[in-house]
Amino acid sequence: MTRHFIFMKKIPVLLFTLIFSAGLFANDKSTSFQTKGKSIEELPFENTTESISWTDVYKSGGSELHIIHDGNANSTTCKIIKNGEVISTISNPENPVYSPVTKCVYYVNRITPSLHAVNIESGKEVSLVDKTLRYPPDEIYLHGTESFALNKTKDKLFYFGEIWEYDFPVKALESIDLSTMEHKKIDLGSLRSDFPDYEIYDFGIIDEKNFFIKVYNFHKNRTAIVAWYKIKDGKPVLKDSIKFTGHYQDEYSFFQAGNKIIFDAYGMDNADFVLSTESGSIKKETFAGGMIMNTFVYDGTEYFASLDMEEQYASSYTVAIYERDTMKEVRRKTFKPLNHLWGVVAVGVQDGKILVEDVICK
């Protein structure tokens with residue numbers, strides 16, 4: 001799940017969320033942020049105290065999807081443009097992601113929260129209802145605004161469904177085949193006995209038969225557990241689990257990059273972790289890039305940025321850029337913080353440069 005990151009641990013997580021959920025680039029200059037003819041390796045790489053802005057562009061046929069992130073206005077907007085004309089505008093979408101398989105942008109209405117899809121070639125909303133169900137729901141409601149993900153081929157969509165009223169609220173991990181609209185459900189009721197004192201917070205899809213679930217105990221030991229489940233006879237079977245302790249464990253999330261799943265520890269020990277399954281157990285390795293910040297698109301390729309520093313208020317920090325589909329590192333640079341008021345907010349391509357916004361107190 002895509003998210004922006006700020007590493008100053010003493011600032012409340014809510015402030016982080018408000019800052020990173022900001023979109024950038026309100027003036028709809030949807031082509032000025034890229035420099036034609038230059039690869040990402042050739043772009044200037046700088047840090048700044050100004051609010052940066054960028055636009056992620058996805059193309060299909062004669063249509064373009066512009067996901068516009070505007071840091072000054074603290075907003076995100078999606079515009080679908082066809083033959084130079086805006087045919088659809090989505091204001092304040094939560095966690096918009098694009099599937100090249102279905103040519104649709106998927107996003108959450110943060111008020112409901114409910115899941116929606118808009119086809120970028122037609123500009124019209126696409127129903128996510130399974131036509132074979134006898135009593136199909138009118139809308140797909142989610143457990144939180146970020147509780148959905150596209151798998152690595154982006155042809156299946158997974159989300160938490162069926163909410164309990166009290167503790168351990170999530171009951172099922174559901175999926176939609178985006179080509180057929182067939183819905184499937186994995187009942188997570190057995191997790192109550194596997195982790196009786198924990199609540200489900202997030203998931204990461206390894207493949208069609210394997211997934212990670214993150215559970216968290218807020219009331220007692222404030223410990224997060226990542227559990228590996230394998231589907232057998234249609235039911236999840238616990239294979240292995242590992243514990244994480246530290247700050248903000250309830251904010252940890254899974255991030256899919258190529259064939260890897262990165263556990264975004266959101267500031268714990270200044271590192272994220274690459275998780276895999278080997279010989280019946282979960283393997284945990286420290287992610288060499290440090291902590292994941294956010295994703296951005298340049299020249300049709302999706303990248304993600306990471307942040308690495310030695311300590312909380314270090315005299316320097318390093319930002320690395322990776323191709324998301326391959327995990328290939330394409331840029332790395334060490335910066336000095338500006339004005340001694342630093343906490344890295346976001347990275348994006350604006351005005352022909354890769355810009356790092358590294359100051360919170362303005």
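These numbers come from the heavy atoms of this one structure, side chains and all, not from hydrogens, waters or symmetry mates.
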Return the set of residues passing side chain to side chain contact (heavy atoms under 4.5 Å, CB included) with Lys124 (not counting sequence neighbours), or none when no residue passes. Ser122

If you define the side chain from C-beta out and look only at heavy atoms, does anything of Phe254 sit under 4.5 Å from Ile205? no

Should Ile67 and Val126 be regarded as members of a common hydrophobic cluster, given that ILVMFWY residues are connected when their side-chain heavy atoms come within less than 4.5 Å of each other, either directly or indirectly? no

Side-chain H-bond candidate by donor/acceptor type, Tyr317 with Asp358, under 3.5 Å: yes

State, without any angle test, whether Glu125 and His116 hold a side-chain donor-acceptor pair at a distance under 3.5 Å. yes

Looking only at side-chain N and O atoms, does Thr153 offer a donor or acceptor that is under 3.5 Å from a partner on Asn151? yes

State, with a plain yes or no, whether a side-chain heavy atom of His183 is found less than 4.5 Å away from one of Lys185. no

Between Phe203 and Phe160, ring centroids under 6.0 Å: yes

Tell me whether Asn217 contacts the main-chain N or O of Asp197 through its side chain, where contact means a donor paired with an acceptor under 3.5 Å. yes

For Arg324 and Thr301, indicate whether the former's side chain and the latter's backbone hold a donor-acceptor pair under 3.5 Å. no

Measure across Pro236 and Phe211 and return the closest heavy-atom pair with its distance rounded to 0.1 Å. CB-CZ, 4.0 Å

So that I know where these two stand, are Phe255 and Phe287 an aromatic pair - ring centroids less than 6.0 Å apart? no

Parallel, tilted or perpendicular: ring planes of Phe45 versus Phe335, cut at 30 and 60 degrees: perpendicular

Any side-chain donor-acceptor pair under 3.5 Å between Ser39 and Glu41? yes

Would you say Leu115 and Leu157 make side-chain contact, with heavy atoms under 4.5 Å? yes

Keeping Glu208 on the side-chain end and Asn210 on the backbone end, is there a donor-acceptor pair under 3.5 Å? no

Are the side chain of Asn83 and the backbone of Glu85 linked by a donor-acceptor contact shorter than 3.5 Å? no

Let me confirm one number: the CG-OG distance from Leu142 to Ser114, rounded to the nearest 0.5 Å. 7.5 Å

Looking at Tyr201, Phe212, Phe244, which one forms a ring pair (Phe, Tyr, Trp, His ring centres under 6.0 Å) with Phe263? Phe244

Give me the one residue out of Asp351, Asn72, Leu355 that meets side-chain contact (heavy atoms from CB on, under 4.5 Å) with Ser53. Asn72

May I ask you to test the Lys283-Phe273 pair for a side-chain heavy-atom distance under 4.5 Å? no

Quick one, Asp194 and Tyr229 - any side-chain contact, counting heavy atoms below 4.5 Å? yes

May I ask whether Ile231 and Phe195 are part of the same hydrophobic cluster, defined by side-chain heavy atoms of I, L, V, M, F, W, Y residues being less than 4.5 angstrom apart, directly or through others? yes

CG (Leu178) and OG1 (Thr102) are apart, to the nearest 0.5 Å, by 5.0 Å

Nearest 0.5 angstrom please: Asp155 CG to Ile176 CD1, how far? 12.5 Å

Electrostatic pair Glu50:Lys353 at N-O distance under 4.0 angstrom: no

Do other residues, nucleotides or ligands put more than 12 heavy atoms under 6.0 Å from Lys333 NZ? yes

Mark yes or no for whether His66, through its side chain, and Thr77, through its backbone, hold a donor-acceptor pair below 3.5 Å. no

Can you find a heavy atom in the side chain of Val347 that is under 4.5 Å from one in the side chain of Trp54? no

At what distance, to the nearest 0.5 angstrom, does OH of Tyr58 lie from NZ of Lys103? 13.0 Å

So does Ile87 get a backbone contact from the side chain of Lys82, meaning a donor-acceptor N/O pair under 3.5 Å? no

For the side chain of Asn47 and the backbone of Lys336, is there at least one donor-acceptor N/O pair under 3.5 Å apart? yes

Point-to-point distance, once rounded to the nearest 0.5 Å, from CD1 of Ile282 to NZ of Lys239: 11.0 Å

Which is it for Leu43 and Tyr298 under the side chain to side chain contact (heavy atoms under 4.5 Å, CB included) test, yes or no, and what are the steps along the way? CA-CA 11 Å; Leu43 297 181; Tyr298 180 73; 3.8 Å; yes

Is it true that atom CG of Asp177 has more than 12 heavy atoms of other residues, nucleotides or ligands lying nearer than 6.0 Å? yes

Consider only side-chain heavy atoms of I, L, V, M, F, W and Y, link residues closer than 4.5 Å, and tell whether Val101 and Tyr107 are in one cluster. no

Spatial distance of atom OG (Ser241) from atom CD1 (Ile213) [nearest 0.5 Å]: 12.5 Å

Check the pair Asp130 / Thr132 against side chain to side chain donor-acceptor pair (under 3.5 Å), numbers first and verdict last. CA-CA 5 Å; Asp130 188 337; Thr132 65; 2.6 Å; yes

Under the ring-ring contact (aromatic ring centres under 6.0 Å, His included) test, residues paired with Tyr159 that sit two or more places apart: none

Within a reach of under 6.0 Å around NZ of Lys154, are more than 12 heavy atoms found that belong to other residues, nucleotides or ligands? yes

With side chains defined as the heavy atoms from C-beta onward, is the minimum distance between Arg332 and Tyr322 less than 4.5 Å? yes

